[in-house]
Amino acid sequence: MKELRDIIFRTGYITQFYQHLYGCRPSSIEFIDQGVLNYVYKASSPRGTLYFKQALRKAKYAQKLGKDLASVDFRRIKTERKVIDKINQLLPSSIFLPRVLRYDSRHNIMVFSDVAGSRSVLLQDLLLNHTYPVKAASLIGCFLALVHQNTFKKITPVRGSYSLDKKNWLLFLNMRTKAIVRKGSNKALQEEITKLYQEGLQHTHPVLIIMDCCPKNIICRSDGAISVIDFELASAVGDPAYDLGFLLGHFILFATLSGWPRSSICFIRQLLKSYFQHVTFLPQGNLYLRTMKYAGCVLLYRMYGASPAKYIPLRMYPQLKIKAKELILSNITTLDEAMGVIHK
């Protein structure tokens, strides 16, 4: 792993590109360990900040993706570039995505513009500190809705073919639903999660699914806008309810850890209200139902799945398991019904 990190420094890639763009050397180069599939570097000087992402070839997690999805590393970087280019055309001025300044297939590196700005904070850090910015919830709901609404049955493959996009979708669908069912767990719960997985197998129409839209990939800016990052897991096939449920599940998780302050309830309601104000491509009742079930699966996934969250105290597991069960076994079709189950 150290050898992989050294490659980008031995070539002088960061310094050369930064100097080419800004006419000076970066005053600092910082390694940011943001994931298990990439290395990310931040280069800064008073003239500006750039981010350099390099895909890993031997990441332990990448090997689990299967030969088709992990063997050609540039595919993840290439996918992210494609997705960013597609989404940037859809967004209002209050929602920012990184701009891809360079894609270098030889070194398997992508260079991004800075989207944070001064005094910006990761949404996850705000939620961990029991702060729930309602305006940000509205923008996040709008962002997901615009992505889904404008790509439904209109998007070309982002991984080279619909077949690969479908494989990517099914991989993460399995990992975050069926694979989290534990031995000895409630039979009704097992059956409902299996049913949700089976329904997910039928969602093979083209639509852009972010796959990893969660608080650690959303930045709240000091000007009230938001920035969204990390699109390498995206697929052009899948169920839109998965994206909304993945996000909602994380918000329910943080609200539970916070003791459900009133601001967290307003925050979650505004997310759902904003999303459903902009979405017309599917029957909303069924979309609400699947969203809730995916949200419940997120709670279980963050406790027992491939990526357990270190910030969840063990004493909270029983409470979160009860909430996950309520969400997965729910049968709702409206916003008020959803909020009734989310916050009992």
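Predicted model only: the values in this text are computed from it and were never measured. Computation of the quantities below employed the complete heavy-atom set of this structure, encompassing side-chain atoms and omitting hydrogens, waters and symmetry-equivalent molecules.
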Could you label the plane-to-plane angle of the Y13 and F17 rings as parallel, tilted or perpendicular, counting under 30° as parallel and over 60° as perpendicular?
-> parallel

Might you point out which heavy atoms bring L139 and I95 nearest each other, and give the distance in Å?
-> O-CD1, 3.5 Å

Which distance, rounded to the nearest 0.5 Å, do you find between the CE of M175 and the CG of L170?
-> 12.0 Å

Gap between atom CG of D243 and atom OH of Y275 - 0.5 Å precision = 7.5 Å

N/O donor to acceptor pairs below 3.5 angstrom from side-chain atoms of residues 21-29, sequence neighbours left out:
{"residue": "S27", "atom": "OG", "partner": "S44", "partner atom": "O", "Å": "2.9"}

Please round to the nearest 0.5 Å and tell me the distance separating atom CD1 of I87 and atom CZ of F231.
-> 4.5 Å

So, the side chain of S227 versus the backbone of V115: is there a donor-acceptor pair under 3.5 Å, distance only?
-> yes

Identify whether L122 and F96 are in the same connected component of the hydrophobic contact network (ILVMFWY, side-chain heavy atoms under 4.5 Å).
-> no

Check whether any side-chain heavy atom of P215 sits under 4.5 Å from a side-chain heavy atom of F251, and report yes or no.
-> yes

May I ask whether F276 and L289 are part of the same hydrophobic cluster, defined by side-chain heavy atoms of I, L, V, M, F, W, Y residues being less than 4.5 angstrom apart, directly or through others?
-> no

Do Q149 side-chain atoms and A145 backbone N/O form a donor-acceptor pair below 3.5 Å?
-> no

Joint hydrophobic cluster, F254 plus I322, side-chain heavy atoms closer than 4.5 Å = no

Ring pair (Phe, Tyr, Trp, His ring centres under 6.0 Å) partner of Y41, the single match among F112, F31, F52 | F31

Closest non-hydrogen contact found for R221 with S120 is CA-OG, 3.5 Å

Looking at CG of L300 and OH of Y317, how far apart are the two atoms once the value is rounded to the nearest 0.5 Å?
-> 10.5 Å

Does any non-hydrogen side-chain atom of P133 lie less than 4.5 Å from one of L123?
-> yes

Measure the shortest side-chain to side-chain distance between L299 and T256 over non-hydrogen atoms and say whether it is less than 4.5 angstrom.
-> no

Checking side-chain contact (heavy atoms from CB on, under 4.5 Å) for the pair I218/L247: CA distance, chi angles, key distance, verdict?
-> CA-CA 11 Å; I218 298 169; L247 191 58; 4.0 Å; yes

Should Q270 and S138 be marked as a side-chain contact (heavy atoms from CB on, under 4.5 Å) after you check the CA-CA gap, both sets of side-chain angles, and the distance that decides it?
-> CA-CA 6 Å; Q270 191 57 44; S138 181; 3.6 Å; yes

Step through it carefully: locate the ring centre of H148, locate the ring centre of F152, and say whether they are under 6.0 Å apart.
-> no

Please collect all salt bridge (Lys or Arg N to Asp or Glu O under 4.0 Å) contacts where either partner lies in residues 289-313, sequence neighbours excluded, each pair once.
-> E192-K293, D239-R290

Identify whether the distance between the nearest side-chain nitrogen and carboxylate oxygen of R269 and D336 falls below 4.0 Å.
-> yes

Would you sort out whether I84 and R81 count as a side-chain contact (heavy atoms from CB on, under 4.5 Å), showing the intermediate values?
-> CA-CA 5 Å; I84 288 173; R81 181 188 65 161; over 6 Å; no

So, N129 side chain and T131 main chain: donor-acceptor pair closer than 3.5 Å or not?
-> no

Does the side-chain contact (heavy atoms from CB on, under 4.5 Å) test come out yes or no for T151 and K86, once each step is laid out?
-> CA-CA 9 Å; T151 63; K86 289 177 185 296; over 6 Å; no

Taking C-beta and beyond as the side chain, do F246 and R176 meet within less than 4.5 Å on heavy atoms?
-> yes

S263 and V134 have their tightest heavy-atom pair at O-CG2, 4.5 Å

Minimum side-chain heavy-atom gap I342-L248 below 4.5 Å = yes

For the side chain of N217 and the backbone of D212, is there at least one donor-acceptor N/O pair under 3.5 Å apart?
-> yes

Do T291 side-chain atoms and L244 backbone N/O form a donor-acceptor pair below 3.5 Å?
-> no

Nearest non-hydrogen partners of P206 and I155, listed with the distance | CB-O, 3.8 Å

About how many Å separate NE2 of H343 and OG of S264, when rounded to the nearest 0.5 Å?
-> 6.5 Å

Are the side chain of Y18 and the backbone of S45 linked by a donor-acceptor contact shorter than 3.5 Å?
-> yes

Between atom CG of L146 and atom CG of L90, what is the distance when rounded to the nearest 0.5 Å?
-> 7.0 Å

May I ask you to check whether over 12 heavy atoms, not counting those of K82, lie within 6.0 Å of atom NZ?
-> yes

Is L335 reachable from V341 through a run of hydrophobic residues whose side-chain heavy atoms are each under 4.5 Å from the next?
-> yes

Are Y311 and I252 co-members of a hydrophobic cluster defined by side-chain heavy atoms under 4.5 Å apart?
-> yes

Heavy-atom neighbours of K321 NZ exceed 12 at 6.0 Å = no

Taking side chain as C-beta onward, heavy atoms only, is Y132 less than 4.5 Å from P261?
-> yes

Do F172 and Y301 have ring centres separated by under 6.0 Å?
-> no

Does the side chain of V298 reach to within under 4.5 Å of the side chain of L253, using non-hydrogen atoms?
-> no

Please check if the side chain of R159 supplies one atom and the backbone of A236 the other of a donor-acceptor pair under 3.5 Å.
-> no

Validation row: V83, E232 side chains within 4.5 angstrom (heavy atoms) = no

